[in-house]
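Everything on this sheet refers to the single structure shown next.
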2 protein chains.
Amino acid sequence: MPETNSEHASMITCTAPVNIAVIKYWGKRDEVLILPVNSSLSVTLHQDQLKTTTTVACSRDFQEDRIWLNGKEEDINQPRLQSCLREIRRLARKRRSNGDPSSDVSLSHRVHICSVNNFPTAAGLASSAAGYACLVYSLSRLFGVDSELSLVARQGSGSACRSLYGGFVQWKMGERQDGKDSLAEQVEPESHWPELRVLVLVVTAERKPVGSTSGMKTSVETSTLLKYRADSVVPGRMEEMISAIRRRNFADFGELTMKDSNQFHATCLDTYPPIFYLGDISQKVIGLVHHYNRHYQETRVAYTFDAGPNAVIYTLQDYVQEFVEVVRHFFPPESNGVFFQAGPGPCMVKDPDFHLLGPDGLPKKST
Amino acid sequence: MPETNSEHASMITCTAPVNIAVIKYWGKRDEVLILPVNSSLSVTLHQDQLKTTTTVACSRDFQEDRIWLNGKEEDINQPRLQSCLREIRRLARKRRSNGDPSSDVSLSHRVHICSVNNFPTAAGLASSAAGYACLVYSLSRLFGVDSELSLVARQGSGSACRSLYGGFVQWKMGERQDGKDSLAEQVEPESHWPELRVLVLVVTAERKPVGSTSGMKTSVETSTLLKYRADSVVPGRMEEMISAIRRRNFADFGELTMKDSNQFHATCLDTYPPIFYLGDISQKVIGLVHHYNRHYQETRVAYTFDAGPNAVIYTLQDYVQEFVEVVRHFFPPESNGVFFQAGPGPCMVKDPDFHLLGPDGLPKKST
């Protein structure tokens, strides 16, 4: 039940994690519903270091839906935001018409949303996944909805559906035109593989990359290799990756992670005009990882790159210290990194002191 | 008939051109016969600027086959060199057993070979194509062989078979296991499209790239996208490219050239471990070309990259001057370029002053 901490506003605060794909999502078969051309799989990072925090409030006194992101009011009428609000209200209405009393928050009241990331946007990590997961999860707690959340989050940002679960998460592409079977599910919880470590290696952003929404669109329209990858390569890789995770086989997991990152970037290069996310420094990180593994004749470290130059490194606890020293030796101090473990999905914050909105439904001064 | 300019040695000197592929060759289905996984197509550059010159001599006084490349004696026993010598002698023997008298040079005599490029190896242009084409063409003149030359040159260096013809040349991959149908043929002569220009843009070599022989081998073994490209993409592109050339349609020619270069590099990136030939500067050249074409809303300039960072630019005579100014404006002076037209195939040099070997069958002092 949402907590009512003022006369006027029902209020909920939640946090949600970032996820890093090991089988990459690139390309939509439906731009509005956000249905992907292939399934994908990610690891949810622990929220100790990176998370989005979102407060949602609802009151009869609110005149309109409003949203503040990282301290700045943004346009609530963005289509994807509207999709999420519309869908969550639709699900809540459906539950109530079925007699479910899990929330008494009125669906006719307007909502205020306030969201912050605890990591700088300069980190180049896709914050939209954590952001939309947190929004949808918070609204679901407010309105008393507890199923089909990944269908809603997916319509905000595709990979957001994977941030609704902890540990190892697959987004099944589904087959239906209405997208009802395009949803995320947990493969294994974060406790399954406690030795796994994730290093986000921030390299200097060399240029402004092509955004992923427009990049994907161009790739789907022009890359014949992307179509082949989606239809004929990824299905087998999803099975292999799930198997590697279940067996906690790092060599298999790491090799497939690297191959899939490379193939994703290959389809970007096969796009017309081509899209480049891997510059000289990224290429050097890749070379270093292969050199390191070759030295030990074993895959101890794996890289993956999203739509930007920053490397995400997967490894095991035993190799963390040595590999960090190797990185520090070859790369300048401005390329710094933080280590993570796999972590849980969204959480509700109980202490009302952590609400980002005040009793008046407006952002607190400190946020 | 080979010219006998001393008591001892029959001697022939020929020149052969460089070619630049617009549909790329990458991957062998037979490493020994050098049979490719897909057909390819190239433009032969005019020899005014770039060429290999080779003198071959034959004498009963020679004790063994010997070769000098760019002034330095090299090992004649390299397998590919041996393939060329063996094959050309086999063809000559076949002709003579059929009663053809076009050369009286004895096949039991040893040959001396001396070859020089008039361009620095630092230019990063694949000199092996011109080199093997020139070797095979010179030997064919010496021994009186005039067919199946591209089968012999192919066994020296795959793309060398395309340097045996001028203008626009395709290397048909063939289907036979013995490679008899894997040969080069001229699509159109150099006179077909006189407005076409080729700019070799030498960018600073940033690192030592993976050699093409070992790179191709790894790609064939590990890249699923390469197999798909070879089987399902290139056949259609060969037809489209031949059609664009026949129609002298630069927009079609240029766009397909760029797409095929990108797809070749995409398959390099899909190789495991990945192979990178396009660094930051190459990526900037690519960005500049697309920016320039977008400005004119027309494909006026096209890039292609082989297994190295240097850009080869195709354009039309009318746009040369402006585009060179644009390049000079955005790139430092060390990235310099030379313009070419399409040019003829190998030529025999009549004047004995140009022989690289002296009457004693050893390299002249000046070479």
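So that the names make sense, note that chain A is the first sequence line, chain B the second, and so on, each numbered from 1.
By number of non-hydrogen pairs under 4.5 angstrom with chain A, the leading residue of B/Met258, B/Glu255, B/Arg294 is B/Glu255. Interface check for chain B: of the options A/Cys268, A/Pro274, A/Gly287, the most heavy-atom pairs under 4.5 Å are formed by A/Pro274.
The aromatic rings of B/Tyr228 and A/Tyr228 sit parallel to each other, their planes meeting at less than 30°, with 60° as the upper class boundary.
Listed for the A/Gln283 side chain is a donor-acceptor partner under 3.5 Å among the backbone atoms of B/Leu278. A donor-acceptor pair is defined here as one N or O able to donate and one able to accept, closer than 3.5 Å; such a pair exists between the side chain of B/Asp280 and the backbone of A/Asp280. At distances below 3.5 Å, not a single donor-acceptor pair connects side-chain atoms of A/Gln263 with backbone N or O atoms of B/Ser223.
For B/Ile286, the part lying under 4.5 angstrom from a heavy atom of chain A is the side chain only. Proximity to chain A involves both the backbone and the side chain of B/His265, based on heavy atoms less than 4.5 angstrom apart.
When all heavy atoms of B/Leu225 and A/Ala266 are compared, the closest pair comes out as CD1-CB, 4.0 Å.
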So B/Asp270 and A/Asn262, side-chain contact (heavy atoms from CB on, under 4.5 Å) or not? Walk me through it.
-> CA-CA 6 Å; B/Asp270 188 51; A/Asn262 294 336; 5.5 Å; no

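Within a 6.0 Å sphere centred on NZ of B/Lys227, other residues, nucleotides and ligands contribute 12 heavy atoms or fewer. Surrounding NZ of B/Lys28 are more than 12 heavy atoms belonging to other residues, nucleotides or ligands, all under 6.0 Å away.
A distance of 5.5 Å separates OG1 in A/Thr224 from CZ in B/Arg237, rounded to the nearest 0.5 Å.
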